[in-house]
2 protein chains.
Amino acid sequence: MTITIKDVAREAKVSVASVSRALNGNGGVTAATEQRIREVAARLRYVPHGAARSLITRRTHTIGALLPDLHGEFFSELIRGIDLEARSHGLHLLVSSSHDGADDAAAALRAMQGRVDGIVILSSPGVDAEFLEANLPEGLPSVLLNSDVKSGTAAVLNIDNFAGTYAMVRHLVALGHARIAFVCGPKDNYDARQREAGFRAAMAKLAPGEPLRIVSGNFSESSGYLAARELLAGKTRPQAVFAANDMMAVGCLQAFKEAGLAVPGDIALAGFDDIPIARYVTPPLSTVRVRIAELGKNAMDLLADLMDRPGSSAASVHTLGCDIVVRDSCGAHRGGAATTTTTTKKPRRSSSR
Amino acid sequence: MTITIKDVAREAKVSVASVSRALNGNGGVTAATEQRIREVAARLRYVPHGAARSLITRRTHTIGALLPDLHGEFFSELIRGIDLEARSHGLHLLVSSSHDGADDAAAALRAMQGRVDGIVILSSPGVDAEFLEANLPEGLPSVLLNSDVKSGTAAVLNIDNFAGTYAMVRHLVALGHARIAFVCGPKDNYDARQREAGFRAAMAKLAPGEPLRIVSGNFSESSGYLAARELLAGKTRPQAVFAANDMMAVGCLQAFKEAGLAVPGDIALAGFDDIPIARYVTPPLSTVRVRIAELGKNAMDLLADLMDRPGSSAASVHTLGCDIVVRDSCGAHRGGAATTTTTTKKPRRSSSR
DNA sequence: TTGTAGGCGTTATCAC
DNA sequence: GTGATAACGCCTACAA
């Protein structure tokens, strides 16, 4: 059937050991024999069997990505970023999406055993500290994304949701909008919680007198639509609405249009994520840009780092900053974009935040 | 280090054979011992080593996906579709994107040897019949997507670009637009070629007298913008513009707006793909919907089929139909949407088209 | 029912 | 420089 190293050895009249040496360029073989072996191998279209090689080498040259779902811009961009960087490290990518919560994720994690050299895990409701404690294979280098678990063994990389939200509120306030309402995301989502916290902190500091107006959504367009209707039904209409993600902002936009409100004339609007659609709605949506592909790239780099020096339980926390991108939806087109810098916190396990 | 079947065997005071039997549920082991073994395995957090198991089992429970790139809606939706169906077959997904052409793809294909049970290949310029002949591991079940190569060993699955374009032209003509211009895609892209062919055929049949107006683009938004400017610069302005994909249509839309033209009042516009953005531009874009996730699902099903009965060189050609979705950009909102049916051609290797 | 042993395809460690 | 041969972790005859 499929041809093995033995076939090459027989054909080239050498031992399998020599074939291995020649093909792996480890030296210890004459240029002449190496040449001959390479020719035979090429002629026979010999390709080493990955699993067999991994077994003895203890390396798969593959990293795993465990995601809750593959739906939407965020995930595809993230995978793209990871993949791009993985390639440049000479690594392959095994993706696994767990739709059905923690059990599913646990199974996926098990299946990765012996198939990957490291793993990137995007946190999701069921995937918390104790889950990882129980299911993460020991000694497997891993990077946690958008998670508040402080793992002793994994590196953690987060988006700076807090600073991003804060910056956007500052921008809105600077534009003269003090009565800002917030459409928050699902409570069990880490990013959503951070964004809401950022909003609360920013309002407390930047618009101290204003009563907090927060309505709940679930990151979906329709939930944004509903939230906007709820806001519009209130007695005092907000001057600006800040949605915790772009899709909800798009939903708000729809509701505003239906209500005959001009954006930003009658009401300003801002989102979070900067998904491609944000640029194409009318008016173009001001938002907080998350450089998702870069997040993936950084995660991969972090992982590669962990993989290079195994055992070094470099549990570290990193944060990727985000910019605010000003378009038309919150009025007063301005040039600059505030940028949150990327920071890295070293091992300190204290609960500093 | 990582714990193996031997550790479980020792701890449970049985042989490795019994552990294997117990854990794989093959029977031939007392309920009592199985119970004990399972407990020990759970306590030790034993997880079989994938590579080792694959080596003897000859199965990896993994399929590979070879894509030219991971950028854009199309790829992410495709992966999603594949992944979803792969999961339901109990298979994992190894993605590999080859950015640098054929050599890159060849390397990726080699690396998959022994790591996957089957493979889905999305065609790209360098990946043609002879490439596959040379690089596709023999006996590895494979499905080709959007490709015109008639492989003897692989199943082929295509979008019905031809019928989709044809249907859209019919719709435009029915709306009273006879002077339809076409913005085509890159010449080295299979889908692009098919769409142009569909347009030519449709125009010849449905608007016989009209001179053909075709300008070239490359599927990018900016190329669409440029193409529209070129069209507008001509002596007679077209009544409708049909872009070979949505991103180019979006570019056209921008150009029309800048030229002070109302869509669809002054000029109608249609695209192809139905990417999410299509719904959010103003006016919403009429387009030909490609059910990309379904394409991925079907590809996976085809592959699973091939994997089930190995050796059966069931080279077959399948086509996935597409609908036209009518929004506001081409005038006269109508309800229904023409649908191209999904067809399957059996083994016939003749060049029927 | 259970254990022993051989082999999957490769690399690594020895001898020669 | 080259060739046996022992791992790597697992499954599966075959024997007990």
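The sequence lines fix the lettering, A, B, ..., with proteins before strands; numbering per chain opens at 1. Just the heavy atoms: all of them, side chains too, but no hydrogens, waters or symmetry mates, feed the values below.
B/Ser20 comes within 4.0 angstrom of a base, heavy atoms only. Residue B/Thr33 is in sugar-phosphate contact alone, with no base atom involved, counting any heavy-atom pair closer than 4.0 Å across all strands shown.
Mapping B/Ile56 and B/Val29 onto DNA chain C via the closest heavy atom, the residue that lands nearer the 5' end is B/Val29.
Under the side chain to side chain donor-acceptor pair (under 3.5 Å) rule, B/Tyr190 has a single partner from B/Asn158, B/Asp148, B/Asp128, which is B/Asn158.
Here D/dC8 presents its C1' atom at 14 Å from CG of B/Asp7, a figure rounded to the nearest Å. Residue B/His49 contributes atom NE2, which lies 16 Å from atom P of C/dT10 at whole-angstrom precision. Distance, A/Ile3 CD1 to C/dT10 C1': 14 Å, rounded to whole Å. One can place CD of B/Gln35 at 17 Å from C1' of C/dT1, the figure rounded to the nearest angstrom.
Between A/Ser18 and D/dG3 there is a side-chain polar atom (N or O) within less than 4.0 angstrom of OP1 or OP2.
Open room surrounds CG on B/Asp103; 12 or fewer heavy atoms of other groups in view lie less than 6.0 Å from it.
Remark: the A/Thr30 side chain and the A/Thr33 side chain contain an N/O donor-acceptor pair separated by less than 3.5 Å.
For the pair A/Asp117 and A/Arg58, the salt-bridge criterion is not met [side-chain N within less than 4.0 Å of a carboxylate O].
Contact of A/Arg58 with D/dG9 (side chain to base): no donor-acceptor pair of N or O atoms is detected under 3.5 Å.
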